[in-house]
Engineer: 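Have a look at the structure that comes next, please.
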Amino acid sequence: MTDTAHPLVRTARRLAADLLLPEAERVDREGVPVSHVEAVKRSGLLGVVAPVAYGGSGAPPAVLRETAEILAGACCSTWFVQTQHHSPVQTLARSEGPVRERLLGPLSRGELLSGVAYAHLRAYPRIPVRVRREGDGLRFDGTVPWYTGWGLNDVMLLAGVGEAGEAVFAFVEARDQPGLRASRPMRLAALTAASTVSLELDGLRVPEEAVALRTPYERWAPGDRARTLNTNPAVFGVAGAALSLLDEEFAGPLAARLTDVRRRAYALADHPAPLERVAERLAVRAEAYEVLGAATTAAVTAGGGRAMSLTSRPQRLAREGLFLLVQGQTTETRRAHLHALTTERRRSPGGAGSTDGPGTTDPAKP
């Protein structure tokens, strides 16, 4: 997409070209191998936004976005496993507890890979995972519906809601143990390779010193909402990969649209007030998905009958595009996207031929 000169961008391109892209169709069928995870660990990419003092690169958000595009465009399953890692690193960087000194260095240097188990907090006031004090530690009970990277991650950042309505985040080992049991890996239409499971928590004991963050839910939720309003960089990576399979005659117009919406999406992501211009953020997000769908559909169309083979890159990219439609989705983003789709259909029967946004009305919050 761009020609950023940061060393980690060059590293991501080499990793994508030498390993991820050549193996992507096999990985899609067989699963992300440990060897891929080890290659990502050695690359330094797990520390892209980690503090320099702890062995990370401390790179700006633009570098994280561009490396995400490159990895997702090459092998979306591998990207999805490693992208979970950055939130735990950023959480630890802001933490003041003893777990910061125990884990921030190993996570920043890529010695350990972390997953995340906190999307269920968005269901609040429903509480899928409860936390209460037990002895000198904490007890977690409930169900984590989605956890990615099981069998590949070393640790996870697990969250629940405490007795006073606070969000509690703690690190635990990512393995079956007393009080924690994983389901069989889910069979999904896309990214089955990322090894996603559900987790049953039945009296999981976590020591107090493993807590990275404890904060009122009302204080945590706005920051989480701000992250979901912006377009995931993987959208641009997968769309760009699809366009690379087309002749210039057909790729050119779509590439121009993709470049334009990417520019606007990242300008909004860099805006200093993350909860301003919400309607615009959601409109640009929906527009990016529209271009993603057009790009992957064009790749399948160009591939013809061969694109239906499970060894075909176009069908893999199309399924990955479908996955990205719902990854990280909230009630707010779902409503905005559906509004964009139905408004588009009213303007242009069949939903084709228009690139207008969905309007300026701020969608209802969840």
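For clarity, every value in this text was computed on a predicted model and none was experimentally measured. Sequence positions, counted from 1, serve as the residue numbers for this chain.
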Engineer: Would you kindly confirm whether L325 and F323 end up in one hydrophobic cluster when ILVMFWY residues are joined by side chain heavy atoms under 4.5 Å apart?
Structural biologist: yes

Engineer: Judged by atom type as modelled, is there a donor-acceptor pair below 3.5 Å linking the side chain of R122 to the main-chain atoms of R225?
Structural biologist: no

Engineer: Could you check whether any side-chain N or O of R100 sits under 3.5 Å from a backbone N or O of A93, counting only pairs where one atom can act as donor and the other as acceptor?
Structural biologist: yes

Engineer: With sequence neighbours excluded, give me every salt bridge (charged side-chain N to carboxylate O under 4.0 Å, His left out) pair touching residues 246-256.
Structural biologist: none

Engineer: How many angstroms lie between atom CZ of R277 and atom CG of L282, to the nearest 0.5 angstrom?
Structural biologist: 13.0 Å

Engineer: With side chains defined as the heavy atoms from C-beta onward, is the minimum distance between F236 and T231 less than 4.5 Å?
Structural biologist: yes

Engineer: Could you go through N153 and Y147, starting from their C-alpha distance and side-chain angles, then the distance that decides it, and tell me whether this counts as side chain to side chain donor-acceptor pair (under 3.5 Å)?
Structural biologist: CA-CA 10 Å; N153 295 325; Y147 178 81; 2.9 Å; yes

Engineer: Side chains of P314 and T296: does their closest heavy-atom pair fall under 4.5 Å?
Structural biologist: no

Engineer: What is the distance from atom CG of L152 to atom CD of E38, rounded to the nearest 0.5 Å?
Structural biologist: 10.0 Å

Engineer: As an exercise, state the distance from OG1 of T228 to CD of E332, rounded to the nearest 0.5 Å.
Structural biologist: 6.5 Å

Engineer: Determine whether V197 and L188 fall in the same hydrophobic cluster, where Ile, Leu, Val, Met, Phe, Trp and Tyr are linked whenever their side-chain heavy atoms lie under 4.5 Å apart.
Structural biologist: no

Engineer: Hey, quick one: are L191 and V326 part of the same hydrophobic cluster, counting side-chain heavy atoms closer than 4.5 Å, chains of contacts allowed?
Structural biologist: yes

Engineer: Are the side chain of T333 and the backbone of Q329 linked by a donor-acceptor contact shorter than 3.5 Å?
Structural biologist: no

Engineer: Using side-chain heavy atoms (C-beta onward) and a distance below 4.5 Å, is P33 in contact with V27?
Structural biologist: yes

Engineer: Starting at OG1 of T83, measure out to CG of L45 and round the result to the nearest 0.5 Å.
Structural biologist: 11.0 Å

Engineer: Hey, are D154 and K41 close enough for a salt bridge, meaning a charged N less than 4.0 Å from a carboxylate O?
Structural biologist: yes

Engineer: Where the side chain of S95 meets the backbone of T91, is there a donor-acceptor pair that is under 3.5 Å apart?
Structural biologist: no

Engineer: Between E287 and R264, does at least one N-O distance fall below 4.0 Å, as a salt bridge requires?
Structural biologist: yes

Engineer: Could you give the distance from CG (L292) to CG (L317), rounded to the nearest 0.5 Å?
Structural biologist: 9.0 Å

Engineer: Any ion pair linking R205 and D136 (charged N to carboxylate O, less than 4.0 Å)?
Structural biologist: yes

Engineer: Will you find, in the side chains of T148 and T196, an N or O donor that is under 3.5 Å from an N or O acceptor?
Structural biologist: yes

Engineer: Check whether more than 12 heavy atoms from other residues, nucleotides or ligands sit under 6.0 Å from atom CZ of R334, and answer yes or no.
Structural biologist: yes

Engineer: Let me see the working for T143 and E200 under side chain to side chain donor-acceptor pair (under 3.5 Å), right down to the final yes or no.
Structural biologist: CA-CA 5 Å; T143 300; E200 291 299 325; 3.0 Å; yes

Engineer: Taking all non-hydrogen atoms of both residues, which atom of V211 and which atom of R214 are closest, and how far apart?
Structural biologist: CG2-NH2, 4.1 Å

Engineer: If the threshold is 4.0 Å, N to carboxylate O, is there a salt bridge linking R13 and E66?
Structural biologist: yes

Engineer: Of L71, L113, V40, which is the lone residue that meets side chain to side chain contact (heavy atoms under 4.5 Å, CB included) with V81?
Structural biologist: L113

Engineer: Name all pairs fulfilling the salt bridge (charged side-chain N to carboxylate O under 4.0 Å, His left out) condition that reach into residues 227-245, sequence neighbours left out, sorted by first residue then second.
Structural biologist: D224-R227

Engineer: Does a side-chain heavy-atom distance below 4.5 Å link S183 with S198?
Structural biologist: yes

Engineer: Determine, stepwise, if the pair L199 / M156 fulfils side-chain contact (heavy atoms from CB on, under 4.5 Å).
Structural biologist: CA-CA 12 Å; L199 302 175; M156 73 173 81; 3.8 Å; yes

Engineer: Is there a continuous path of hydrophobic side-chain contacts, each under 4.5 Å between heavy atoms, that joins F80 to V34?
Structural biologist: yes

Engineer: Within a 6.0 Å radius of atom CZ on R26, are there more than 12 heavy atoms belonging to other residues, nucleotides or ligands?
Structural biologist: yes

Engineer: Decide side chain to side chain donor-acceptor pair (under 3.5 Å) for Q315 and R319; before the verdict, give the C-alpha distance in whole Å, the side-chain angles of both, and the deciding distance to 0.1 Å.
Structural biologist: CA-CA 6 Å; Q315 61 78 29; R319 288 187 291 107; 2.8 Å; yes

Engineer: Which other residues belong to the hydrophobic cluster containing L104, where Ile, Leu, Val, Met, Phe, Trp and Tyr are joined when side-chain heavy atoms lie under 4.5 Å apart, directly or via other members?
Structural biologist: Y54, V89, L92, V99, L103, L107, L112, V116, Y118, L121, Y124, I127, V155, L157, V161, F169, F171, L213, Y217, W220

Engineer: Looking only at non-hydrogen atoms, find the nearest pair between V49 and A59 and report the distance.
Structural biologist: CG1-O, 3.8 Å

Engineer: Within this structure, what is the CG-CD distance for the pair L46 and Q82, rounded to the nearest 0.5 Å?
Structural biologist: 6.5 Å

Engineer: Write down the atom of G321, the atom of V238, and the distance for their closest heavy-atom approach.
Structural biologist: N-CG1, 4.4 Å

Engineer: Flag the pair L19 / H36 as yes when at least one side-chain heavy-atom distance between them is below 4.5 Å, and no otherwise.
Structural biologist: yes

Engineer: Under a 3.5 Å distance rule, please check whether R29 uses its side chain to pair with a backbone N or O of E25 as donor and acceptor.
Structural biologist: yes

Engineer: Return yes if some donor-acceptor pair links the side-chain N/O of H85 with the main-chain N/O of S114 below 3.5 Å, else return no.
Structural biologist: yes

Engineer: Heavy atoms only: give me the nearest M186-T192 pair and the separation to one decimal.
Structural biologist: O-CG2, 3.6 Å

Engineer: Can you check whether R306's main-chain N or O pairs, donor with acceptor, with S309's side chain at less than 3.5 Å?
Structural biologist: no

Engineer: Do H337 and Y289 touch side chain to side chain, with heavy atoms closer than 4.5 Å?
Structural biologist: yes

Engineer: Look only at the side chain of T297 and the backbone of A294, and say whether a donor-acceptor pair between them is shorter than 3.5 Å.
Structural biologist: no

Engineer: Between R65 and E69, does any side-chain N to carboxylate O distance fall below 4.0 Å?
Structural biologist: no

Engineer: Can you check whether E163 reaches V131 side chain to side chain, under 4.5 Å on heavy atoms?
Structural biologist: no

Engineer: Could you give me the CA-CA distance, side-chain angles and deciding distance for T11 and S43, then say whether side chain to side chain donor-acceptor pair (under 3.5 Å) is met?
Structural biologist: CA-CA 7 Å; T11 296; S43 72; over 6 Å; no

Engineer: Could you check whether any side-chain heavy atom of D141 comes within less than 4.5 Å of a side-chain heavy atom of R139, counting everything from C-beta outward?
Structural biologist: yes

Engineer: Counting distance only, does the side-chain N/O of T259 pair as donor-acceptor with the main-chain N or O of A255 below 3.5 Å?
Structural biologist: yes

Engineer: L254 and V300: same hydrophobic cluster, using ILVMFWY side-chain contacts below 4.5 Å?
Structural biologist: no

Engineer: Without hydrogens or angle criteria, can the side chains of Q327 and N232 be said to hold a donor-acceptor pair below 3.5 Å?
Structural biologist: yes

Engineer: Before accepting this row, confirm whether a basic side-chain N of the pair R219/E166 lies closer than 4.0 Å to the acidic partner's carboxylate O.
Structural biologist: no

Engineer: Taking 4.0 angstrom as the limit, do R42 and E111 come out as a salt bridge?
Structural biologist: no

Engineer: I'd like to know whether CZ of R130 has more than 12 heavy-atom contacts from other residues, nucleotides or ligands below 6.0 angstrom.
Structural biologist: no

Engineer: Salt bridge check, R257 against D260: does any charged N sit closer than 4.0 Å to a carboxylate O?
Structural biologist: no

Engineer: If I compare all heavy atoms of A72 with all of E320, which pair ends up nearest, and what's the gap?
Structural biologist: O-OE1, 4.5 Å

Engineer: Taking all heavy atoms of D176 and all of R181, pick out the closest pair and write down the distance.
Structural biologist: OD1-CA, 3.2 Å

Engineer: Under 6.0 Å from the CG atom of D202, do we count more than 12 heavy atoms belonging to anything else shown?
Structural biologist: no

